[in-house]
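Okay, structure first, notes after.
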Amino acid sequence: MPQYWLMKSEPDEVSIDDALAAPGATVAWTGVRNYQARNFMRDGMKVGDGVLFYHSSCPEPGIAGIARVASGIKPDPTQFDAKSPYYDAKSKPEDPRWLLVDVQAVRKTRLLPLPELRARPELAELVILRKGNRLSITPVEPAHWKVIEKMLG
């Protein structure tokens, strides 16, 4: 059974449009520097899982597209690049601390903003709507995925 995820990206780094324009509409999901989010990728994600592509840290955050997990996990090369804002001097190539998956954009959607998500009682338990949640990757229950798909049309 596929699983579902919400993955946040700052659109000035990688937007749904950038992903759609990339070769194969696929981008490496670099820069995850939270252990729980990394563990979701490492322990939970499988090729083919559904992804809600979420624009964050922008004037109007929200779901901007549908994507899918397109690869298994692999080391995030930005952790080894001293010029990268994601550089981690303690991470070693023989024992990488940070991982990534490739994400393939399936389609751009209308922007589905947080207030619209919050207005739906059936989404009350959606992780991103929980007070204090700041994770860049969160699991999405199949029932929530179905509601969001209907909302997006």
Side-chain angles (χ1 to χ4, degrees), residues 1-58 60-79 85-86 88 91 96-153:
M1 288 253 331
Q3 294 190 57
Y4 303 100
W5 308 93
L6 184 141
M7 298 178 76
K8 294 181 183 177
S9 180
E10 296 178 17
D12 60 344
E13 283 199 31
V14 177
S15 70
I16 188 68
D17 292 322
D18 295 332
L20 285 165
T26 302
V27 292
W29 208 265
T30 61
V32 174
R33 295 297 182 270
N34 173 283
Y35 287 105
Q36 188 175 3
R38 180 213 54 195
N39 293 348
F40 284 142
M41 285 193 295
R42 184 190 68 198
D43 303 332
M45 285 188 178
K46 304 286 184 256
V47 172
D49 283 355
V51 172
L52 298 172
F53 198 114
Y54 185 94
H55 284 174
S56 67
S57 300
C58 58
E60 191 170 16
I63 297 167
I66 302 292
R68 65 186 266 302
V69 176
S71 76
I73 58 165
K74 47 193 166 185
D76 180 344
T78 64
Q79 68 193 306
Y86 302 112
D88 183 345
S91 189
R97 182 178 292 183
W98 305 111
L99 306 169
L100 66 78
V101 294
D102 291 331
V103 173
Q104 182 179 42
V106 174
R107 68 182 171 99
K108 183 175 180 175
T109 64
R110 72 177 181 86
L111 187 73
L112 186 54
L114 277 175
E116 198 172 334
L117 293 169
R118 281 193 173 93
R120 299 295 292 261
E122 61 267 48
L123 295 177
E125 295 301 313
L126 186 66
V127 175
I128 193 171
L129 300 180
R130 293 181 189 160
K131 191 173 180 91
N133 176 66
R134 302 214 11 103
L135 287 176
S136 62
I137 297 172
T138 55
V140 175
E141 294 294 326
H144 295 152
W145 177 271
K146 287 178 185 172
V147 169
I148 292 167
E149 275 191 317
K150 285 181 184 174
M151 292 173 75
L152 291 170

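- The minimum heavy-atom distance linking Thr26 with Gly24 is given by the pair OG1-O, 2.8 Å.
- For the pair Leu135 and Ile137, the minimum side-chain heavy-atom distance is 4.5 Å or more.
- Between Asp102 and Ser71, the closest heavy-atom pair is N-OG, 2.8 Å.
- A donor-acceptor pair is defined here as one N or O able to donate and one able to accept, closer than 3.5 Å; such a pair exists between the side chain of Arg38 and the backbone of Arg97.
- Summarising the geometry, atom CD belonging to Glu60 is positioned 11.5 Å from atom NE2 belonging to His55; distances are rounded to the nearest 0.5 Å.
- Between the side chain of Gln79 and the backbone N or O of Ser91, no donor-acceptor pair lies under 3.5 Å.
- Arg110 and Glu116 are joined by a salt bridge, as a carboxylate oxygen and a charged side-chain nitrogen come within less than 4.0 angstrom of each other.
- Between Met1 atom CE and Asp49 atom CG the span is 10.5 Å, to the nearest 0.5 Å.
- Note: Ser56 OG to Met7 CE = 11.5 Å, rounded to the nearest 0.5 Å.
- A side-chain donor-acceptor contact under 3.5 Å links Asp18 to the backbone of Ser15.
- A donor-acceptor pair is defined here as one N or O able to donate and one able to accept, closer than 3.5 Å; such a pair exists between the side chain of Ser9 and the backbone of Val14.
- Within a 6.0 Å radius of CD in Glu141, other residues, nucleotides and ligands contribute 12 heavy atoms or fewer.
- In this structure, the separation between CD1 on Ile66 and CG on Leu52 is 5.0 Å, given to the nearest 0.5 Å.
- Side-chain N or O atoms of Gln3 include none that pairs as donor or acceptor with a backbone N or O of Lys46 at under 3.5 Å.
- Here the straight-line distance linking atom CG of Leu123 with atom CE of Met151 works out to 6.0 Å at 0.5 Å rounding.
- Here Trp5 contributes atom CH2 and Phe40 contributes atom CZ; the two are 6.0 Å apart, rounded to the nearest 0.5 Å.
- When atom types are taken as modelled, the side chain of Arg33 and the backbone of Tyr86 share a donor-acceptor pair closer than 3.5 angstrom.
- A donor-acceptor pair is defined here as one N or O able to donate and one able to accept, closer than 3.5 Å; no such pair exists between the side chain of Glu122 and the backbone of Val147.
- The aromatic ring centres of Trp29 and Phe53 sit less than 6.0 Å apart.
- Considering all non-hydrogen atoms of both residues, His144 and Glu125 come closest at CE1-C, 3.6 Å.
- A side-chain donor-acceptor contact under 3.5 Å links Thr78 and Asp76.
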